[in-house]
Amino acid sequence: ATDLTALEQIKRHFLRTVEYYRSEYDLIVFDTNPNATFLTRCALEASDRVIAPMHTDIYSLRGVKLLQQVIQQQVDPATRPDLSVLFNAVRRSEQSTFEADARNGAFDAVAGFPLSKALMNSALPRSRHLAVKAPQEGQPPWKQLTIHAGRGGGLKPIRESLKTIAMELNALESARA
C-alpha cells in the first residue's frame, strides 16, 4: 500500500469508528493540536461543530482565520463543520475593547469570514483554575493540567461559565437540526 492509500484507510477507519460512537454518546470531543495535521483534518471532517478558543488579541485572530481557511479549503462541503469561536481568558469585570470590536464586526474583514457571527455569546473567564503548568522532571504529563491548584474558592464562576457555554452549544445544535 502506498502512503496515500494507508492514510485513506486510516481516515475511513477513524470516520467509521466515530460514526459508531455517535449512536452511543450525545457528545464526542476531539481535542486537537492547532496545526492542520492529518488527524486534525480527520477530526474536522468527523465533526458537526468546531469550538475554537480565542484570546482577545490579534495573534489569536490570525489562528482562527487560519482554522477557518483549513475548514473551507480542506474539508468537503458535505461534511464541513460549523465554526464557533469562544473567547478564552477574558476579564470577568468588563469587556475588553478587542472583544467589543470583534463582537461588533470590526475584525470580520481581517478574519476573512463573519467572525462576529461565529462568536459565542459566552466566554471563559481568566482563571488559575484552568491552567497548564510547565513540565517538571519525573512528573506525569496529566499532572500538568491544573483544575484546582490548592485551597480557596473561585470554582463557582468557572462552573457557571461552563454551564452557560453548554446551554449555548445545545441551543446552537438544536437550531441546526
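In this text the structure is predicted, and so the values were computed from the model without any measurement.
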Legend entry - Approximate separation, where rounding is to 0.5 Å, of T56 OG1 and R103 CZ: 10.5 Å
Inset, instruction - Report the distance from atom OG1 of T40 to atom CG of L67, rounding to the nearest 0.5 Å. - result: 9.5 Å
Going by atom type alone, with no hydrogens or angles, which donor-acceptor pairs under 3.5 Å involve a side-chain atom of residues 114-124 and a protein atom two or more places apart or on another chain?
residue : atom : partner : partner atom : Å
S116    : OG   : D108    : OD1          : 3.3
S116    : OG   : D108    : OD2          : 2.9
S122    : OG   : E168    : OE1          : 2.5

Legend entry - Validation row, ring centre F14 to ring centre F30 under 6.0 Å: yes
Legend entry - Backbone of A78 reached by a side-chain donor or acceptor of D76 within 3.5 Å: yes
Inset, instruction - Supply the atom-to-atom distance L172 CG to I165 CD1, rounded to the nearest 0.5 angstrom. - result: 11.5 Å
Legend entry - Charged N-O contact under 4.0 Å between E19 and R22: yes
Inset, instruction - Nearest 0.5 Å please: distance from the CZ atom of F87 over to the NE2 atom of H55. - result: 11.0 Å
Inset, instruction - Would you check if there is a donor-acceptor pair between the side chains of S60 and D57 at a distance under 3.5 Å? - result: yes
Legend entry - Separation of D82 CG from D48 CG (nearest 0.5 Å): 8.0 Å
Inset, instruction - To the nearest 0.5 angstrom, please state how far the CD atom of Q69 sits from the NZ atom of K65. - result: 5.5 Å
Inset, instruction - Can you see which heavy atom on M54 is nearest to which on F98, and at what distance? - result: CE-CE2, 3.7 Å
Inset, instruction - Return yes if some donor-acceptor pair links the side-chain N/O of R41 with the main-chain N/O of A36 below 3.5 Å, else return no. - result: yes
Inset, instruction - Identify whether the distance between the nearest side-chain nitrogen and carboxylate oxygen of E45 and R80 falls below 4.0 Å. - result: no
